[in-house]
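Here is the structure we will look at, set down as structure tokens.
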Amino acid sequence: MKPYDPYPSRPKIGLLTNPHSRRNRTRLPAVNAIVANQPNILHRITEQPQQITDALRAFAAQGVQVLAINGGDGTTAEVFTALLGERAFATLPAIILLPGGTTNVNANDVGLHGRLERAVARMTRWARGEGGTPEHQARPILRITGATHGAALYGMFFGAGSIIRGIEYCQDKFHARGIGDSIGPGLAMARVLWGMFRNDPRFATPTSMRIALNDISDAPPRDLLLMMVTTLDHLIMGMRPYWGTETGALHCTWIEQRAQSLLRLFPSVLRDKPGVRVTPERGYFSHNARDIRLWVDGTFTLDGDMHPASTETGPLSISKGGELEFICIGS
């Protein structure tokens, strides 16, 4: 990160809030109170995804330099899709991610951490020129085409296979009971891993997929336990499950059903320290790619939201869809 500030003279911030995200359901009045009467903060509440593009166009017309997103990971994907797909801004704004959702994986990596009200207050003080040390980090954004619904999507984390079942289990067993942040996903991940080890069909049933990286045309069928592609540096609980050595912008990791010693080796995989036993010959793969094509039938996730895929409509294509500058404001 770079500790210099290219917006020293009280930047104009456009704040987008999803009132339906988990933390905003109870804390939106507090957020409203913090940003009220702040001339450098324009606040728009978007009830529906289609309202996001209209809000971005209004922000662009009003000279917004920094776009703050108050919502969960799904909200950030919706905003990135509108921002990079619709191009309302002639010059892309810098991004502040606020922890307004349930898990907040994206915000924890390139945004503001902690309680929502405190994060909003830090941003507000910075907008007034009253302190806070901004750090700036450029990060590529995934672009995904080929979903059954036909729309191009933008986000930071793609997942398939047991990741889908883990999200569903987490939502049913933990999020529905109000257990958020990293606790619920961490417990769900442990349950999925144990289910794979015990060959529980709820978690161990493989996903058939063909994978082509970059210019490689050979894409043999594979039976996978999980597949992930991301531009995030760290996932929940600081996990970094990729160890590719190439220079591509997209971290891509998959584990095949035939993977050996999964329960014993998985902790080292999550820590970016796979060791000599984690090899393609044993069913473990990790690469940094420029673009990826996947032939798969079923469901994939982009930043927690679910989307359909079908080999009948061709492969999913995952590439770098642009680059955004993220701002993290210290206390």
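We count residues from 1, following the sequence as given. Note: hydrogens, waters and symmetry copies are ignored here, and every other heavy atom, side chains too, is used.
Note: T102 OG1 to R25 CZ = 6.0 Å, rounded to the nearest 0.5 Å. Within the model, atoms OG1 of T301 and CD1 of I167 stand 4.0 Å from one another, a figure rounded to the nearest 0.5 Å. Going from atom CZ of F300 over to atom CE of M227 covers 12.0 Å, rounded to the nearest 0.5 Å. To the nearest 0.5 Å, the span separating OG1 on T124 from CD1 on I329 amounts to 8.5 Å. Put simply, CG on L98 and CD on E117 are 11.5 Å apart, with the number rounded to the nearest 0.5 Å. Atom CD of E78 sits about 11.0 Å away from atom CD of Q51, to the nearest 0.5 Å.
Heavy atoms only, all atoms of each residue included: L263 and P267 are closest at O-CD, 3.5 Å. Scanning both residues, R44 and A58, for their nearest heavy atoms gives NH1-CB, 3.4 Å. For Y242 against H234, the heavy-atom pair with the smallest separation is OH-N, 3.8 Å. When all heavy atoms of R23 and G101 are compared, the pair lying nearest together is CG-O, 3.3 Å. Of all the heavy atoms in T46 and P19, the pair that sits closest is O-CD, 3.3 Å. Contact record, G155 with D303: CA-OD2, 3.3 Å, taken as the closest heavy-atom pair.
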**side-chain hydrogen bond (donor to acceptor under 3.5 Å, both in side chains) evaluation trace for S319 with D291** = CA-CA 4 Å; S319 59; D291 56 78; over 6 Å; no
**Request:** Could you check Q260 against R258 for side-chain hydrogen bond (donor to acceptor under 3.5 Å, both in side chains), going step by step and ending with a plain yes or no?
**Result:** CA-CA 6 Å; Q260 302 175 23; R258 63 184 177 88; over 6 Å; no
**Message:** Under the criterion side-chain contact (heavy atoms from CB on, under 4.5 Å), I'd like the reasoning laid out for V120 against L112: C-alpha separation, chi angles, the key distance, then a yes or no.
**Reply:** CA-CA 9 Å; V120 174; L112 276 61; over 6 Å; no
**Message:** Assess the residue pair L16 and L67 against the criterion (side-chain contact (heavy atoms from CB on, under 4.5 Å)); give the C-alpha distance rounded to whole Å, side-chain angles, the decisive distance to 0.1 Å, and a yes or no.
**Reply:** CA-CA 8 Å; L16 279 181; L67 178 64; 4.2 Å; yes
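Look at R290 and D215 and you find a salt bridge, because one of the NZ, NE, NH1 or NH2 atoms lies within 4.0 Å of a carboxylate O, short of that distance. Classification of D109 and R139 as a salt-bridged pair holds, one side-chain N sitting under 4.0 Å from a carboxylate O. Salt-bridge check for E130 with R125: failed, with every basic side-chain N at 4.0 Å or more from each acidic carboxylate O.
Linking Ile, Leu, Val, Met, Phe, Trp and Tyr residues whenever their side-chain heavy atoms come within less than 4.5 Å leaves L92 and L153 in two separate clusters. A continuous path of hydrophobic side-chain contacts links V64 to L56 [ILVMFWY only; heavy atoms under 4.5 Å].
Checking each of L142, L324, I141 against M156 for a side-chain contact (heavy atoms from CB on, under 4.5 Å) leaves exactly one that passes, namely I141. A side chain to side chain donor-acceptor pair (under 3.5 Å) with H251 holds for exactly one of N288, D233, T231; it is N288. Of the candidates Q137, M123, H136, E135, I327 forms a side-chain contact (heavy atoms from CB on, under 4.5 Å) with just one, namely H136.
Summarising the local packing, CZ of R118 is surrounded by 12 or fewer heavy atoms from other residues, nucleotides or ligands at distances under 6.0 Å. Annotation: E312, atom CD; neighbour count of heavy atoms from other residues, nucleotides and ligands within 6.0 Å does not exceed 12.
Using bins of under 30°, 30° to 60° and over 60° for the plane-to-plane angle, the ring pair F80/F326 lands in the perpendicular bin.
Within the 4.5 Å cutoff, the side chain of L28 has heavy atoms near those of the T17 side chain. L316 is not listed as a side-chain neighbour of T145, based on a closest heavy-atom distance of 4.5 Å or more. Annotation: side chain of P99 is not in contact with side chain of H113 (no heavy-atom distance under 4.5 Å). P134 is listed as a side-chain neighbour of W126, based on a closest heavy-atom distance under 4.5 Å. Between L250 and F158 the shortest side-chain heavy-atom distance does not fall below 4.5 Å. The side-chain heavy atoms of W243 and T253, taken from C-beta on, include a pair separated by under 4.5 Å. Looking only at side-chain heavy atoms (C-beta outward), L97 and T76 come within less than 4.5 Å of each other. Side chains of M228 and I163 form a contact here, defined as non-hydrogen atoms less than 4.5 Å apart.
A cation-pi contact, defined as under 6.0 Å to the ring centre and within 45° of the axis, is absent between R277 and Y284.
No side-chain donor from either of Q38 and H43 sits under 3.5 Å from a side-chain acceptor of the other. For T299 and H307, the side-chain atoms include no donor-acceptor pair closer than 3.5 Å. Donor-acceptor pairing under 3.5 Å is recorded for the side chains of R264 and S261. Remark: the N70 side chain and the N24 side chain contain an N/O donor-acceptor pair separated by less than 3.5 Å.
Between the side chain of N18 and the backbone N or O of H20 there is at least one donor-acceptor pair closer than 3.5 Å.
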